[in-house]
Amino acid sequence: MRELGDLLREHRETAGLTLRDLAPKLGRSIAHLHRIETGVRGTTSETEVVHYLATCGARYQDVERLITFCREAADDRGYWIAPHGQWMTDSLRSLIFHEATADRCVSYQPEVIPGLLQTEPYIRALFAREDISESDRDAWVRARLERQRILFRNNPAKFTFFVHERALRLEVGDYRTMAEQLLAMVFFADQRNITIRVVPSATRHRGLFGGSFLLLAYPRFRSLVFLDGLVTGLFIEDPEYVAAYRSLLPQIAKAALSAGESRVLFAELADTYDRAEGSWDDECQVAQEQL
């Protein structure tokens, strides 16, 4: 419902209307429209969506899409599935919205560097498949890099990343790509709102916690868990299932290196990749200086 309200607000602003302008046109109070745009559950019906968008001059396709969205939001299943499609997938659009409104984000990533921390060469290497066109690849790279702006906005949320060591050692692209990516991790780890901790391979089976997940916490709303799959992204808000993922965090934290130890490991691995590639450029010879 919060996401639906945000999409409705975007249509209103595109039409150049304020809530004060829209209220008499719809025969609703400004307070009621504010509740719709902030996603207060139970305030938005399909009919309300149609009237709202028609008054804002939205296209028929947009009306159809948001009616479907409204039906899904009103079905309080405790989860919803967002399909992957074009470059700005439903799951990516939803993820960007919910990350932007959270005050704390905690993720566990056992396979690759978390998306919010990826460098452009690393992203391009991940999408370097024959079935992906150059234009789609460029769009995906831009979208992922734009998503990272959330880390550096005013009053940013607190981000905690748990990354398994094998994700750091999985070679994506060439050695130079990996050296730059690990140096970027040193930079990210130095930001006051970002904590990155590595689950070391030495923990063996005790460092296995299943697939990747992202826990999003809010001051006024229920927490969410996001699971990103190959075909769809799954959002879970059922409290029982969210609690199960939250219970994993102390276990992961117990197995992980400290933030300081993790930062040292990033620099050491960056230096290792640097030496493997060769001396391509003086700026890449700074890994040890970052310690």
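Everything numeric in this text was worked out from a predicted model, so none of it was measured. Note that these values count all heavy atoms, side chains included, but never hydrogens, waters or copies made by symmetry.
Lys158 places none of its side-chain heavy atoms less than 4.5 Å from the side chain of Cys105. For the pair Val163/Phe266, no side-chain contact is recorded, criterion being any heavy-atom separation below 4.5 Å from C-beta on. For the pair Leu183/Phe187, no side-chain contact is recorded, criterion being any heavy-atom separation below 4.5 Å from C-beta on. Side-chain contact check for Leu216 versus Ser223: every heavy-atom pair is 4.5 Å or farther apart. Using a 4.5 Å heavy-atom cutoff, the side chains of Ile236 and Tyr245 are in contact. For the pair Thr119/Ile123, no side-chain contact is recorded, criterion being any heavy-atom separation below 4.5 Å from C-beta on. Residues Arg176 and Tyr273 form no side-chain contact, since every pair of their non-hydrogen atoms from C-beta on lies 4.5 Å or further apart. Using a 4.5 Å heavy-atom threshold, the side chains of Leu168 and Leu170 count as separate.
Shortest non-hydrogen contact noted between Leu151 and Pro156 is O-CB, 3.8 Å. In this structure, Cys56 and His11 approach most closely via the heavy-atom pair CB-O, 4.0 Å. Minimum heavy-atom separation, Ala255 to Pro200: O-CD, 3.3 Å. The minimum heavy-atom distance linking Arg12 with Leu17 is given by the pair NH1-O, 2.9 Å.
Residues Tyr241 and Leu227 fall within the same hydrophobic cluster, defined by Ile, Leu, Val, Met, Phe, Trp and Tyr side chains chained together at heavy-atom separations under 4.5 Å.
Relative orientation of the Phe152 and Phe188 rings is parallel, given thresholds of 30° and 60° on the angle between their planes. In this structure, Tyr108 and Phe209 have perpendicular ring planes: the angle between them is above 60°, well past the 30° mark.
Salt-bridge check for Arg9 with Glu37: failed, with every basic side-chain N at 4.0 Å or more from each acidic carboxylate O. Under a 4.0 Å N-O distance rule, the pair Asp271/Arg275 qualifies as a salt bridge. Comment: Arg144 does not engage Glu120 in a salt bridge, judged by the lack of any side-chain N to carboxylate O separation of less than 4.0 angstrom. The residues Asp138 and Arg124 are annotated as salt-bridged, a charged nitrogen and a carboxylate oxygen being separated by less than 4.0 angstrom.
Atom CD of Gln109 and atom OG of Ser212 lie 4.5 Å apart (nearest 0.5 Å). The CG atom of Leu182 sits 6.5 Å away from the CD1 atom of Ile113 when rounded to the nearest 0.5 Å. Rounding to the nearest 0.5 Å places CZ of Arg28 at 8.0 Å from CG of Leu33. Between the CE atom in Met185 and the CG atom in Leu117 there is a gap of 5.0 Å [rounded to 0.5 Å]. One finds the CG atom of Leu8 at 7.5 Å from the CD1 atom of Ile36 (value rounded to the nearest 0.5 Å). Taking CZ of Phe221 as the reference point, atom CD of Glu237 lies at 11.5 Å (rounded to 0.5 Å).
Exactly one of Asp228, Leu224, Leu214 qualifies for a side chain to side chain contact (heavy atoms under 4.5 Å, CB included) with Leu95. That residue is Leu214. The one candidate from Ile196, Val186, Thr195, Val198 that meets the side chain to side chain contact (heavy atoms under 4.5 Å, CB included) condition with Ser262 is Val198.
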_His164/Glu111 under side chain to side chain contact (heavy atoms under 4.5 Å, CB included): CA gap, chis, key distance, verdict_ = CA-CA 7 Å; His164 199 284; Glu111 300 295 342; over 6 Å; no
_As a quick check of understanding, evaluate side chain to side chain contact (heavy atoms under 4.5 Å, CB included) for Tyr122 and Glu180, giving each step before the final call._
CA-CA 9 Å; Tyr122 188 95; Glu180 292 178 350; over 6 Å; no
*Passes side chain to side chain contact (heavy atoms under 4.5 Å, CB included), Phe161 versus Val106? Steps please.*
CA-CA 6 Å; Phe161 299 93; Val106 184; over 6 Å; no
*Go through the steps for Arg246 and Val225 under the test side chain to side chain contact (heavy atoms under 4.5 Å, CB included), then give the verdict.*
CA-CA 9 Å; Arg246 185 180 285 110; Val225 167; over 6 Å; no
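Side-chain atoms of Glu261 come within 3.5 Å of backbone atoms of Ser258 as a donor-acceptor pair (strictly under, hydrogens ignored). Using modelled atom types, one side-chain atom of Arg197 and one backbone atom of Ala253 make a donor-acceptor pair closer than 3.5 Å. Judged by distance alone, the side chain of Ser29 and the main-chain N or O of His32 form a donor-acceptor pair under 3.5 Å. Between the side chain of Asn193 and the main chain of Ala157, a donor-acceptor pair closer than 3.5 Å is present.
Within the structure, the salt bridge (charged side-chain N to carboxylate O under 4.0 Å, His left out) test picks out the following pairs touching residues 96-110 (sequence neighbours left out): Glu99-Arg147.
Remark: Phe159 pairs with no residue by the ring pair (Phe, Tyr, Trp, His ring centres under 6.0 Å) rule, at least two apart or across chains. Under the side chain to side chain donor-acceptor pair (under 3.5 Å) criterion, Arg169 pairs with Glu165, sequence neighbours left out.
Around atom CZ of Arg149, no more than 12 heavy atoms belonging to other residues, nucleotides or ligands sit under 6.0 Å away.
Ring-centre distance between Phe235 and His98: below the 6.0 Å cut-off.
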